[in-house]
Amino acid sequence: MSFTLPELPYSHDALAPYMSRETLEYHHDKHHLAYVNNGNNLLKGTEWEGQSLEEIVKGSFGKNAGLFNNAGQHYNHLHFWNWMKPNGGGAIPGELEKKIVADLGSVEKMKEDFIQAGVTQFGSGWNWLAVKDGKIVVMKTANGESPLVHGATPILGCDVWEHSYYIDYRNRRPDYLKAFVENLVNWDYVAELYSKAV
Ligand SMILES: [Fe+2]
């Protein structure tokens, strides 16, 4: 397979004021496109040509840094656009909420720990909710890595590369993370990934 840039599932204006049109024009139209184009070039002639995106990400990790970085970021961003929606945040579907409370203590604690993981990710990376050994866990990873290459299945991720928030929040990463959790998360998509992961 080759990588293709998906359309955003909403207009570039739809997430304002929490994520601006300008941010999405750079982040989706330029940064994600670069991962797609670089990934396609680096995939050519490798042993992973013809495999699924998840197989390429897992297979190239630790073996082909250039391909991994771009394929990993393509995978992360494909989900990232769907992890947000206009008027997001709000209620978490019942079954997922129960599991979050059981594994992480409470919804409030989950949000706190998720935000804290993003705040403390040194440099570029992502913070996550993932399913590992049947439990929901909070994780953080550097650069283009994801729970996928650490034995877990991601169900929610927030991009804490500066390109995701610097236009709208400058250096205030905690404010960006709080807005992501309270106003942007598409919990229905998180629940869909959770149901496939267990
Ligand atoms: Fe990004």
Side-chain angles (χ1 to χ4, degrees), residues 3-43 53-54 56-58 60-61 65-86 88-89 114-130 138-150 152-186 189-190 193:
F3 308 142
T4 51
L5 183 71
E7 291 287 318
L8 283 176
Y10 31 72
S11 76
H12 287 76
D13 289 324
L15 303 183
Y18 307 106
M19 189 174 284
S20 65
R21 159 181 280 274
E22 191 183 2
T23 290
L24 286 171
E25 283 173 350
Y26 275 90
H27 196 178
H28 173 271
D29 303 2
K30 296 180 192 295
H31 289 276
H32 190 172
L33 179 63
Y35 298 133
V36 166
N37 291 337
N38 293 335
N40 281 330
N41 288 332
L42 292 163
L43 182 61
L53 177 58
E54 292 195 13
I56 295 166
V57 170
K58 287 195 220 175
S60 63
F61 182 58
L67 175 59
F68 171 77
N69 288 337
N70 287 283
Q73 284 290 73
H74 178 47
Y75 173 86
N76 294 349
H77 287 81
L78 278 180
H79 288 293
F80 185 59
W81 312 128
N82 289 293
W83 277 320
M84 299 186 287
K85 67 173 188 178
F114 180 81
I115 289 170
Q116 187 62 10
V119 169
T120 56
Q121 170 53 40
F122 186 77
S124 296
W126 296 73
N127 55 310
W128 308 92
L129 290 183
V138 175
M139 297 176 72
K140 59 183 171 182
T141 59
N143 301 320
E145 292 180 25
S146 73
L148 209 55
V149 296
H150 295 287
T153 305
I155 58 172
L156 175 65
C158 184
D159 187 340
V160 296
W161 286 57
E162 286 184 350
H163 67 217
S164 193
Y165 63 89
Y166 224 81
I167 290 169
D168 300 321
Y169 299 88
R170 297 299 170 187
N171 61 332
R172 293 178 289 114
R173 191 192 283 187
D175 291 353
Y176 158 65
L177 281 156
K178 194 164 188 296
F180 178 84
V181 168
E182 297 299 338
N183 304 105
L184 292 175
V185 174
N186 179 354
Y189 186 60
V190 181
L193 293 179

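In listed order, ligands and their atoms are each counted from 1.
Checking each of Ile167, Asp168, Asn183 against Met19 for a side-chain contact (heavy atoms from CB on, under 4.5 Å) leaves exactly one that passes, namely Asp168.
Less than 2.8 Å away from the Fe ion (ligand 1), the protein contributes these N/O/S atoms: His27 NE2, His77 NE2, Asp159 OD2, His163 NE2.
For residues 17-34, the pairs satisfying salt bridge (charged side-chain N to carboxylate O under 4.0 Å, His left out) are Asp13-Arg21, Arg21-Glu25, with sequence neighbours left out.
At most 12 non-hydrogen atoms from other residues, nucleotides or ligands lie less than 6.0 angstrom from CZ of Arg170.
A heavy-atom distance below 4.5 Å is found between the side chains of Val190 and Trp83.
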### Task
Please assess His32 against Phe80 for the test ring pair (Phe, Tyr, Trp, His ring centres under 6.0 Å), listing each intermediate value before the final yes or no.
CA-CA 11 Å; His32 190 172; Phe80 185 59; 9.8 Å; no
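Remark: the Trp128 side chain and the Thr141 side chain contain an N/O donor-acceptor pair separated by less than 3.5 Å.
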